[in-house]
Amino acid sequence: MRDDGTLDDPYAPSSPTTEMEEGTSAERTTAASRLRAYARDLTGRRRAQVALATGVVCCLALAAVAQVRDETAGAATRVDSSAELAQRAEQERASRSLDRAATPSATPSASATSADPDTTSRARTVAPAQPTDPAPVAGLDDDQMENAEAIVRTGRKMGVPRRGLVIAVATAMQESNLYNVASGVLPESQDYPHQGVGWDHDSVGLFQQRSSSGWGPVGRLMDPEFATRQFLSALEQVPGWQQMRLTDAAQAVQVSAYPEHYQQHEWRATRVVDAIVPARR
């Protein structure tokens with residue numbers, strides 16, 4: 001009831017109520033705006049945080065991938081290095097083994113011969129036959145065989161063909177029976193090693209050479225090697241001696257009173273030379 005006695009209309013709106021409702025609506029609008037702004041701000045922050053987190057995760061993933069790749073590459077490098085070191089060590093061991101295996105033997109192996117043409121050529125080359133010290137042959141005794149060997153070895157040193165060796169041995173068989181003979185006429189000759197004494201003037205040695213005829217000093221002619229050199233050097237001065245009969249070649253050097261006597265010794269001399277210097281097969 002109002003002061004004026006009138007009754008209040010319960011359904012009539014009053015001013016305070018209107019003002020309150022207007023104030024409340026404005027506040028609500030402001031609050032809603034703030035709420036929306038806060039929501040937007042919160043959403044933006046969350047998006048930024050999500051983007052940041054996503055970027056961090058991506059960076060970590062890339063770093064992890066890079067690390068894995070580096071570790072893989074490092075492992076591969078270590079494996080390659082280990083393999084290379086092992087291969088080098090194996091090669092060095094093989095090289096040392098080949099060096100040690102090659103040192104004791106001068107004969108090339110079958111594989112080396114097939115791989116190296118020069119080695120094959122050398123392997124096929126037949127080495128020259130070397131003089132040996134055989135037992136006496138053709139009825140000779142030890143002294144005679146030793147003198148024959150001295151003749152053959154000296155001729156080999158001089159490079160005389162095999163035919164010349166046979167002629168020299170046959171000549172010594174006829175002249176001294178292959179003994180180093182001193183002379184009874186020259187007592188001086190007996191001062192040197194000898195295997196008998198002869199009386200054919202001043203002839204001495206295996207080839208009965210005479211110092212008075214210019215063959216050389218008596219002492220030198222008593223040396224089988226020197227006497228052989230003197231004979232073979234004279235033989236090589238005879239034109240066509242290799243094509244001559246043995247007895248003719250020997251006679252051209254010795255000028256003997258019995259020129260045909262040398263021929264009878266050819267077969268024995270040939271056998272002796274073959275025993276000392278085997279023929280090439």
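It should be emphasised that the depicted structure is a prediction, and the values quoted were computed from it without experimental measurement.
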Quiz item: Should the heavy atoms of other residues, nucleotides or ligands under 6.0 Å from CZ of Arg229 be counted, would the total exceed 12?
Solution: yes
Could you measure the distance from the [atom1] atom of [X] to the [atom2] atom of [Y]? Nearest 0.5 Å is fine.
X	Y	atom1	atom2	result
Glu175	Gln254	CD	CD	4.5 Å
Thr154	Phe231	OG1	CZ	13.0 Å
Asp143	Asn177	CG	CG	11.5 Å
Glu149	Gln144	CD	CD	12.5 Å
Ser213	His201	OG	NE2	10.0 Å

Self-check item: Residues which pass side chain to side chain contact (heavy atoms under 4.5 Å, CB included) with Gln242, listed by chain and number, not counting sequence neighbours
Solution: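 If we apply the side chain to side chain contact (heavy atoms under 4.5 Å, CB included) test to Gln242, skipping adjacent residues, the hits are Pro161.
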Can you check whether [Y]'s main-chain N or O pairs, donor with acceptor, with [X]'s side chain at less than 3.5 Å?
X	Y	value
Gln264	His261	yes
Gln208	Ser176	no
Gln251	Ser256	yes
Gln190	Ser183	yes

Quiz item: Hey, are Arg163 and Glu266 close enough for a salt bridge, meaning a charged N less than 4.0 Å from a carboxylate O?
Solution: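 Result for this pair is yes, salt bridge flagged.
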Practice problem: Heavy atoms only: give me the nearest Ser211-Pro217 pair and the separation to one decimal. | Solution: OG-CA, 4.1 Å
Self-check item: Shortest non-hydrogen contact between Ser189 and His194, atoms and distance
Solution: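 Of all heavy-atom pairs spanning Ser189 and His194, the closest is O-ND1, 4.5 Å.
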Quiz prompt | Evaluation steps, salt bridge (Lys or Arg N to Asp or Glu O under 4.0 Å), between Arg245 and Glu260 | solution = CA-CA 10 Å; Arg245 291 192 307 152; Glu260 292 294 328; 3.0 Å; yes
Practice problem: Mind jotting down which residue pairs meet the salt bridge (Lys or Arg N to Asp or Glu O under 4.0 Å) criterion with at least one end in residues 189-209? Sequence neighbours excluded, please. | Solution: Asp202-Arg210
